[in-house]
Asks: 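Structure in structure tokens, see below.
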There are 2 protein chains.
Amino acid sequence: MTDRDTRHRNSMQKLKTHVDERIAAANEQRGLLLVFTGNGKGKTTAAWGTVTRALGYGYRVGVVQFIKGQWECGERERLAEDPNLEVAIMATGFTWETQNRESDTRACREVWQQAERLLRDPDVYLVVLDEITYMLKFGYLDIATVERALRERPAEQTVIVTGRNAHRELIDMADTVTEMRDVKHAFDAGIQARRGIDY
Amino acid sequence: MTDRDTRHRNSMQKLKTHVDERIAAANEQRGLLLVFTGNGKGKTTAAWGTVTRALGYGYRVGVVQFIKGQWECGERERLAEDPNLEVAIMATGFTWETQNRESDTRACREVWQQAERLLRDPDVYLVVLDEITYMLKFGYLDIATVERALRERPAEQTVIVTGRNAHRELIDMADTVTEMRDVKHAFDAGIQARRGIDY
């Protein structure tokens with residue numbers, strides 16, 4: 001064995017010990033609150049990746065989409081026939097297309113009722129509240145209502161919240177928070193959004 | 001209309017104009033190189049979310065998994081029957097489990113050949129090189145080889161690279177880079193990795 005091999009082996013052994021210790025220390029089992037926030041690409045995409053994963057084990061999943069109603073969406077198409085997946089979509093689409101505060105608030109409250117129903121259902125293993133942070137920001141929903149529904153949900157249920165500028169209250173409640181930081185983005189270089197990749 | 005409604009409408013109109021201008025300015029159409037890096041949760045998950053999306057439109061997709069070979073993986077199960085998806089998995093699993101530099105290097109080179117084949121195939125719309133950054137870090141693969149294969153790939157092909165500490169060369173080449181920043185993680189609070197969510 002060369003010196004390099006020995007060093008590599010020792011360094012890998014140390015890493016393995018560290019990982020094993022951390023795995024042994026993690027002994028709580030329950031549903032999680034995950035927040036994907038930040039300005040970068042990948043928030044909704046990571047949520048759909050988790051949806052695919054949970055469906056892969058046969059779990060029931062509910063996705064509530066708060067602002068992408070009018071967009072084409074490949075992942076929704078791909079999974080649409082799955083009997084374990086339920087998708088509720090806010091009727092109006094992007095709010096800067098409609099610019100009507102009253103009708104947007106009404107549409108938001110309607111789809112939030114679907115969310116509340118999913119957040120009460122112990123048979124639903126994963127609930128995605130996609131882009132809900134904008135509803136809070138625009139004042140269509142209040143944080144206290146959302147917080148209460150999250151706190152009172154079944155213990156085994158995992159929830160993923162996505163959107164920029166997640167509220168401090170959501171960050172504090174969450175078990176796992178990832179900030180998708182925009183290091184660079186093709187759009188800024190004049191490259192068009194791409195079917196099957198960006199939407 | 002109240003003052004608040006008017007303000008909201010004006011602010012949304014401004015946002016819409018800004019977005020419309022940006023969409024008009026983006027006029028280049030081609031495959032992208034996306035990098036999901038950083039220490040936070042969501043890199044591989046966002047890649048699988050994009051895979052699901054691309055499959056939703058009927059595109060062909062290749063996924064090469066460089067270090068998660070021995071792990072259970074719900075998303076792979078969910079999509080396994082899709083004739084448009086091809087998955088190549090490195091045989092050894094996490095390298096700190098094996099700690100053998102020589103056999104890991106061999107396993108890495110074998111699976112890289114699958115990657116090279118996919119990166120030459122103009123019928124493959126999306127290629128995911130999952131966790132390849134560790135192969136570069138450990139020296140199992142060299143960056144020049146990877147760079148060349150990426151540069152010579154078909155113009156319409158999108159590639160997603162995932163893993164911590166992405167090489168400067170990859171960041172420079174990439175069209176879109178998101179750093180998944182770990183704000184907090186359930187594992188650090190002693191909560192177990194969860195089936196259907198974390199794996």
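Predicted model, so just to flag it, every value in this text is computed and none were measured. Proteins come first, then strands; the chains are lettered A, B, ... in the order of their sequence lines, and each starts at number 1.
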Asks: Mind ranking B/Val35, B/Ile171, B/Asp82 by heavy-atom pairs under 4.5 Å with chain A and telling me who comes out on top?
Replies: B/Asp82

Asks: Could B/Glu169 and B/Arg148 be called an ion pair, given the rule that one side-chain N must be under 4.0 Å from one carboxylate O?
Replies: no

Asks: Using a strict 4.0 Å threshold on nitrogen-to-oxygen distance, state whether A/Glu116 and A/Arg109 make a salt bridge.
Replies: no

Asks: Do you know which of B/Leu126, B/Asp182, B/Val51, B/Ile197 has the most heavy-atom pairs under 4.5 Å to chain A?
Replies: B/Ile197

Asks: Going by atom types alone, do A/Asn165 and A/Thr133 pair a side-chain donor with an acceptor below 3.5 Å?
Replies: no

Asks: Identify which of B/Arg30, B/Arg78, B/Lys41, B/Met180 forms the greatest number of heavy-atom pairs closer than 4.5 Å to chain A.
Replies: B/Arg78

Asks: Between A/Thr37 (side chain only) and A/Ala166 (backbone N and O only), is there a donor and an acceptor less than 3.5 Å apart?
Replies: yes

Asks: Hey, which of B/Gly38, B/Ala174, B/Gly40, B/Gly58 has the most heavy atom pairs under 4.5 Å with chain A?
Replies: B/Ala174

Asks: Relative to chain B, which segment of A/Thr158 carries a heavy atom at a distance below 4.5 Å: side chain, backbone, both, or neither?
Replies: side chain

Asks: Is it the backbone or the side chain of A/Leu79 that comes under 4.5 Å from a heavy atom of chain B, or both, or neither?
Replies: both

Asks: Pick whichever of B/Val61, B/Leu32, B/Thr50 has the most heavy-atom pairs under 4.5 Å with chain A.
Replies: B/Thr50

Asks: Under a 4.5 Å cutoff for heavy-atom pairs, which residue among A/Ala186, A/Gly139, A/Ala47 has the most contacts with chain B?
Replies: A/Ala186

Asks: Would you call B/Asp172-B/Arg168 a salt bridge at under 4.0 Å N-O?
Replies: yes

Asks: Is a side-chain donor or acceptor of B/Thr162 paired with a backbone partner of B/Phe36 at a separation under 3.5 angstrom?
Replies: no

